[in-house]
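Before any comments, here is the structure.
Naming: A, B, ... by sequence-line order, numbering from 1 per chain. Because the structure is a prediction, the values reported are computed rather than measured.
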Protein chains: 2
Amino acid sequence: MNYSKQREIILNTLKENVVHPTAEYLYDVLKKSNSTISLATLYRNLNQLAENGIIKKIDGLESSSHYDHNTHEHYHFICDKCKKVYDISADVAPDLVKKAQEETGFTINGSDIVFHGICKDCNK
Amino acid sequence: MNYSKQREIILNTLKENVVHPTAEYLYDVLKKSNSTISLATLYRNLNQLAENGIIKKIDGLESSSHYDHNTHEHYHFICDKCKKVYDISADVAPDLVKKAQEETGFTINGSDIVFHGICKDCNK
DNA sequence: CTAAACTTGATAACAATTCTCATTTTATTT
DNA sequence: AAATAAAATGAGAATTGTTATCAAGTTTAG
């Protein structure tokens, strides 16, 4: 992977975002800050960054993928009403990957763990 | 939900499938058994069945959704090489949903828990 | 038996993502 | 720093999975 200005901007924009944005959301943010990054370049770089373990692609949330700059093991919750994505500590299931590996005998390289329901705000 | 012949066929076909098929896979199976079920009807019914809790739609595996006739709590593993989908017992993380609920205070209605890596067969 | 509600098939439409390809940037070798 | 190879880019076309539309057929309750 060579250095590229665009990739740097994309990564920084993702890092500045507390939420877990979709490509489309990032694209809008980038456009507003006058970056002339094309949608293809955005997708290409998000995929590359994820393949290199620098960011994490979160699937299973909605029809579109979300991206997370936090690669430490943790899970996600999406509110079915407001669609906000929250982090859940990996402490709720200690050694989850290890145990799954023991049970199956498979080599586990990653996991996508997503809960959905209604968040506190929407429950009011 | 009214009775419908098509829905019955779709549900039975899904039940007979030990794998966790995609809509496309099911469509092929149905065509081979001379069912004249249109793709739209298939998708419509899979969604309805899932909404009514009769089957489960599994997201986060691949670009397309998979469907599971087993609605008891359990997790999934997809082999990145052969793309086969395996079940993982919920025992690897007892009370996962309950704990996540306690930690967050959110109402959790469901979860998609997917591990990926290389299965035993492909590891040989 | 009739009317209202539901379901269907065929196909168009859609949204998210990837591909193509000519041009530009970055890295490497001299 | 010039030449060359390798990687990245932008723009838009293409692809994939899924949903919407709508006229016609089916199911169900009264």
Side-chain angles (χ1 to χ4, degrees), chain A residues 1-14 19-52 54-68 78 80 83 85 112 114 116, chain B residues 1-14 17 19-52 54-68 78 80 83 85 112 114:
Chain A
M1 213 169 36
N2 277 347
Y3 167 83
S4 103
K5 187 78 193 166
Q6 309 294 57
R7 186 151 48 232
E8 189 179 29
I9 293 172
I10 290 169
L11 184 55
N12 286 338
T13 307
L14 180 59
V19 297
H20 305 71
T22 59
E24 209 199 344
Y25 182 94
L26 278 173
Y27 189 58
D28 286 346
V29 173
L30 289 165
K31 263 197 298 194
K32 274 178 197 143
S33 58
N34 299 313
S35 299
T36 64
I37 291 178
S38 83
L39 197 54
T41 301
L42 176 56
Y43 273 107
R44 247 187 319 241
N45 279 298
L46 288 172
N47 282 338
Q48 277 180 99
L49 289 165
E51 275 158 22
N52 287 275
I54 299 163
I55 67 173
K56 167 135 175 70
K57 186 174 181 174
I58 318 170
D59 290 316
L61 285 177
E62 294 181 287
S63 47
S64 38
S65 296
H66 290 239
Y67 300 87
D68 197 342
I78 184 165
D80 291 332
K83 306 294 176 199
V85 177
D112 263 304
V114 173
H116 58 93
Chain B
M1 216 168 36
N2 277 348
Y3 169 82
S4 103
K5 188 78 194 167
Q6 309 295 56
R7 186 152 46 232
E8 187 178 30
I9 293 171
I10 290 169
L11 183 55
N12 285 339
T13 308
L14 180 59
N17 258 280
V19 298
H20 305 70
T22 59
E24 209 198 345
Y25 182 93
L26 278 173
Y27 189 59
D28 287 346
V29 173
L30 288 166
K31 263 198 300 198
K32 273 175 197 144
S33 57
N34 299 313
S35 300
T36 64
I37 291 179
S38 84
L39 196 54
T41 301
L42 177 57
Y43 273 108
R44 243 186 324 238
N45 279 299
L46 288 171
N47 282 337
Q48 278 179 99
L49 289 165
E51 275 158 22
N52 286 276
I54 297 161
I55 67 173
K56 166 135 173 70
K57 187 174 181 176
I58 317 170
D59 290 315
L61 286 175
E62 293 181 288
S63 47
S64 38
S65 296
H66 290 240
Y67 299 86
D68 195 343
I78 183 164
D80 291 333
K83 306 294 175 197
V85 177
D112 264 303
V114 173

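- A:Q48 places its CD atom 14 Å from the C1' atom of C:dC19, with the value rounded to the nearest Å.
- Within the structure, every side-chain polar atom (N or O) of B:S65 is placed at least 4.0 Å from both OP1 and OP2 of D:dG17.
- Environment of NZ in B:K83: crowded, with over 12 heavy atoms of neighbouring residues, nucleotides or ligands closer than 6.0 Å.
- Taking atom CG of residue B:L42 and atom P of nucleotide C:dT7, one finds them 15 Å apart after rounding to whole Å.
- Counting to the nearest Å, the P atom of D:dA7 and the CG atom of A:N52 are 13 Å from each other.
- Side-chain contact check for A:K57 versus A:D112: every heavy-atom pair is 4.5 Å or farther apart.
- Distances shorter than 4.0 Å separate some side-chain N or O of A:N47 from OP1 or OP2 on C:dT18.
- A heavy-atom distance below 4.5 Å is found between the side chains of A:I54 and A:M1.
- Within the 4.5 Å cutoff, side-chain heavy atoms of A:L26 are placed close to those of A:L46.
- The closest donor-acceptor contact from the side chain of B:H66 to the backbone of B:H20 lies under 3.5 Å.
- Whole-Å rounding puts the B:L39 CG to C:dT11 P distance at 12 Å.
- With DNA chain C read from its 5' end, the first of the two nearest nucleotides for B:T36 and B:N2 is the one closest to B:N2.
- Screening residues 32-41 of chain A for side-chain hydrogen bond (donor to acceptor under 3.5 Å, both in side chains), with sequence neighbours left out, gives A:S38-A:T41, A:T41-A:R44.
- Rounded to an integer number of Å, the gap from B:I9 CD1 to C:dT7 C1' is 13 Å.
- As a whole-Å value, the separation of A:K5 NZ from C:dA27 C1' is 17 Å.
- Nucleic acid contact class of A:S64 (heavy atoms, under 4.0 Å, all strands): sugar-phosphate only.
- Distances shorter than 4.0 Å separate some side-chain N or O of B:Y43 from OP1 or OP2 on D:dT18.
- Listed by residue number, the members of residues 22-33 of chain B with any heavy atom below 4.0 angstrom from DNA chain C form an empty set.
- Rounded to whole Å, atom P of D:dG17 lies 14 Å from atom CG of A:D59.
- More than 12 heavy atoms of other shown residues, nucleotides or ligands fall within 6.0 angstrom of atom CD in B:E8.
- Along DNA chain D, the nucleotide nearest to B:S63 and the one nearest to A:N45 differ in position, and the one closer to the 5' end is contacted by A:N45.
- Note on A:T41: a side-chain N or O is less than 4.0 Å away from OP1 or OP2 of D:dG10.
- One finds a side-chain N or O of A:S4 lying less than 4.0 angstrom from the OP1 or OP2 phosphate oxygen of D:dT9.
- Residue-to-nucleotide proximity on DNA chain C shows that, of B:M1 and B:A40, the 5′-proximal contact is made by B:M1.
- You'll find that the side chain of A:R7 is closest to D:dA8, out of C:dT8, D:dA8, C:dT26.
- Two residues are said to be in side-chain contact when any heavy atoms from C-beta on lie closer than 4.5 Å; B:L42 and B:I10 meet this criterion.
- Comparing D:dA8, C:dG9, C:dT7 against the side chain of B:Q6 picks out C:dG9 as the nearest.
- Among the protein residues, B:E62 comes within range of no part of the nucleic acid, since none of its heavy atoms lies under 4.0 Å from any strand.
- In this structure, the CD1 atom of B:I37 is 10 Å from the C1' atom of C:dT8, given to the nearest Å.
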